[in-house]
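Everything below concerns the one structure shown next.
Index from 1, following the sequence. All values below were derived from every heavy atom in this structure, side-chain atoms included, with hydrogens, water molecules and symmetry-related copies excluded. Computed from a prediction, not measured in an experiment: that's the story for all the values here.
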Amino acid sequence: QSGEDTEQFLKQTEEALREFQELRRDQQNLADRLQELSAEPDSPEKAEQMKALMEQQEELVDRMGKAERKLERLRLHGPADAANRARKRMSQMMKQLADDQPDDADEIQREMDEALDDMEQVERELVLERRIARERLAFEQLEKIEDELKGLRARQETVIAETLRLDSANHLTRWGLLSARSSDWC
């Protein structure tokens, strides 16, 4: 049962890692696009693109919250804490973008960079958790093999003892038959 639990935990950890890698890629793409837009002069097209970017960022924050809750259910507190920090930074950045204050561009970029750093921290911690789970699974599998080998050894020893007993009984029976026949000849 424990091996199955560890296998399931490993599978869920790997799934969470893939999810956070995707989230970080998406966040990086949004950060790159934001940087491109901030260099452009103000225009109605820029305003539309910023609005679309904000919607994408909001969706990403929602996805991050769901992924964070999955980590909490898996009791992966370190990665969940880093995910929470990243989500809060992303929310703060969205708030600053919504306020549309051009003098906050450096602050927005700093929040974006720190959110990306937090997301990388989530990934590093998930890689570590995956490695630990793999080691635990390997150990559990070795324990299972050890138990199976002990069982095989016990059965083999029983077969050997029974074979020796039967061989001894068979030898005595033959000896008894031979001695009975030899006494008939005398």
Side-chain angles (χ1 to χ4, degrees), residues 1-32 56 59-91 113-186:
Q1 180 71 20
S2 181
E4 291 173 10
D5 291 344
T6 303
E7 283 182 53
Q8 183 66 23
F9 177 78
L10 178 59
K11 180 181 172 187
Q12 291 171 333
T13 302
E14 288 173 341
E15 184 179 302
L17 178 59
R18 283 190 300 275
E19 186 173 11
F20 273 94
Q21 287 169 336
E22 181 181 330
L23 285 167
R24 186 177 52 80
R25 262 191 317 274
D26 292 349
Q27 183 63 43
Q28 184 64 57
N29 291 339
L30 288 175
D32 293 345
Q56 292 172 353
E59 178 201 336
L60 194 62
V61 168
D62 290 343
R63 287 173 45 208
M64 177 71 94
K66 290 176 184 174
E68 178 187 341
R69 286 187 292 280
K70 286 180 187 177
L71 293 176
E72 289 169 353
R73 282 192 301 272
L74 289 172
R75 291 183 170 78
L76 295 172
H77 302 295
D81 291 344
N84 182 276
R85 284 191 309 273
R87 187 177 52 78
K88 285 181 179 178
R89 291 182 202 280
M90 291 163 63
S91 295
D113 291 343
E114 288 183 14
L116 287 166
D117 288 345
D118 288 334
M119 293 173 85
E120 287 174 4
Q121 179 66 28
V122 171
E123 289 179 41
R124 284 189 298 273
E125 290 186 26
L126 285 172
V127 166
L128 177 64
E129 291 292 341
R130 179 182 64 185
R131 192 186 90 224
I132 291 168
R134 284 180 176 168
E135 289 173 1
R136 187 179 321 126
L137 182 61
F139 182 75
E140 289 171 359
Q141 289 170 340
L142 287 174
E143 283 181 326
K144 183 179 177 182
I145 290 169
E146 179 185 25
D147 290 344
E148 289 174 4
L149 287 174
K150 285 179 181 178
L152 283 173
R153 181 177 180 176
R155 287 193 300 275
Q156 190 176 30
E157 288 173 352
T158 302
V159 167
I160 289 170
E162 183 65 11
T163 301
L164 289 174
R165 185 189 67 76
L166 290 173
D167 189 45
S168 175
N170 190 20
H171 182 68
L172 288 176
T173 305
R174 283 188 189 162
W175 181 255
L177 287 175
L178 286 176
S179 56
R181 287 186 182 162
S182 62
S183 62
D184 288 342
W185 292 343
C186 297

Exercise for review: Check step by step if side-chain contact (heavy atoms from CB on, under 4.5 Å) holds for Glu114 and Arg85.
Suggested key: CA-CA 9 Å; Glu114 288 183 14; Arg85 284 191 309 273; over 6 Å; no
Answer yes or no: is there a side-chain heavy-atom contact under 4.5 Å between [X] and [Y]?
{"X": "Phe139", "Y": "Thr6", "value": "no"}
{"X": "Val122", "Y": "Leu17", "value": "no"}
{"X": "Met119", "Y": "Gln28", "value": "no"}

Report the residues that fulfil side-chain hydrogen bond (donor to acceptor under 3.5 Å, both in side chains) with [X], sequence neighbours left out, ordered by chain and then residue number.
{"X": "Asn29", "answer": "none"}
{"X": "Asp117", "answer": "none"}
{"X": "Asn84", "answer": "Glu68, Lys88"}
{"X": "Glu22", "answer": "Arg63"}

Exercise for review: Using the test salt bridge (charged side-chain N to carboxylate O under 4.0 Å, His left out), find all partners of Lys150 that sit at least two apart in sequence or belong to another chain.
Suggested key: Glu146
Practice item. List in chain and number order the residues that pass salt bridge (charged side-chain N to carboxylate O under 4.0 Å, His left out) with Glu125, two or more places apart in sequence or in another chain; answer none if no residue qualifies. Key: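 Checked Glu125 against salt bridge (charged side-chain N to carboxylate O under 4.0 Å, His left out); zero matches.
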[atom1] of [X] to [atom2] of [Y]: how many Å apart, nearest 0.5 Å?
{"X": "Lys70", "Y": "Glu19", "atom1": "NZ", "atom2": "CD", "result": "4.0 Å"}
{"X": "Asp26", "Y": "Gln21", "atom1": "CG", "atom2": "CD", "result": "12.0 Å"}
{"X": "Leu126", "Y": "Glu15", "atom1": "CG", "atom2": "CD", "result": "11.5 Å"}
{"X": "Gln56", "Y": "Leu30", "atom1": "CD", "atom2": "CG", "result": "5.5 Å"}
{"X": "Leu142", "Y": "Asp147", "atom1": "CG", "atom2": "CG", "result": "11.0 Å"}

Show the nearest heavy-atom pair for residues [X] and [Y], with the distance to one decimal.
{"X": "Leu71", "Y": "Ala83", "answer": "CD1-CB, 4.2 Å"}
{"X": "Ala31", "Y": "Leu116", "answer": "CB-CD1, 4.3 Å"}
{"X": "Met64", "Y": "Ala86", "answer": "CE-CB, 3.8 Å"}

Review point. Pick from Arg25, Arg18, Arg24: which one makes a salt bridge (charged side-chain N to carboxylate O under 4.0 Å, His left out) with Glu123?
Key: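 Only one of Arg25, Arg18, Arg24 forms a salt bridge (charged side-chain N to carboxylate O under 4.0 Å, His left out) with Glu123, namely Arg24.
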Review point. Any side-chain hydrogen bond (donor to acceptor under 3.5 Å, both in side chains) pairs touching residues 153-164, not counting sequence neighbours?
Key: Arg153-Glu157, Glu162-Arg165
Point to revise | salt bridge (Lys or Arg N to Asp or Glu O under 4.0 Å) partners of residues 72-84, not counting sequence neighbours, each pair once | key: none
Practice item. For Phe20 and Leu23, run side-chain contact (heavy atoms from CB on, under 4.5 Å): C-alpha distance rounded to whole Å, both residues' side-chain angles, the deciding distance at 0.1 Å, then the answer. Key: CA-CA 5 Å; Phe20 273 94; Leu23 285 167; 4.0 Å; yes
Exercise for review: Quick one: list whatever passes side chain to side chain contact (heavy atoms under 4.5 Å, CB included) with Leu149, sequence neighbours left out.
Suggested key: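 Listed in chain order: Ile145, Leu152.
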May I have the list of side-chain donor-acceptor pairs in residues 129-138 shorter than 3.5 Å, sequence neighbours left out?
from	atom 1	to	atom 2	distance (Å)
Arg131	NE	Glu135	OE2	3.3
Arg134	NH2	Glu14	OE2	2.9

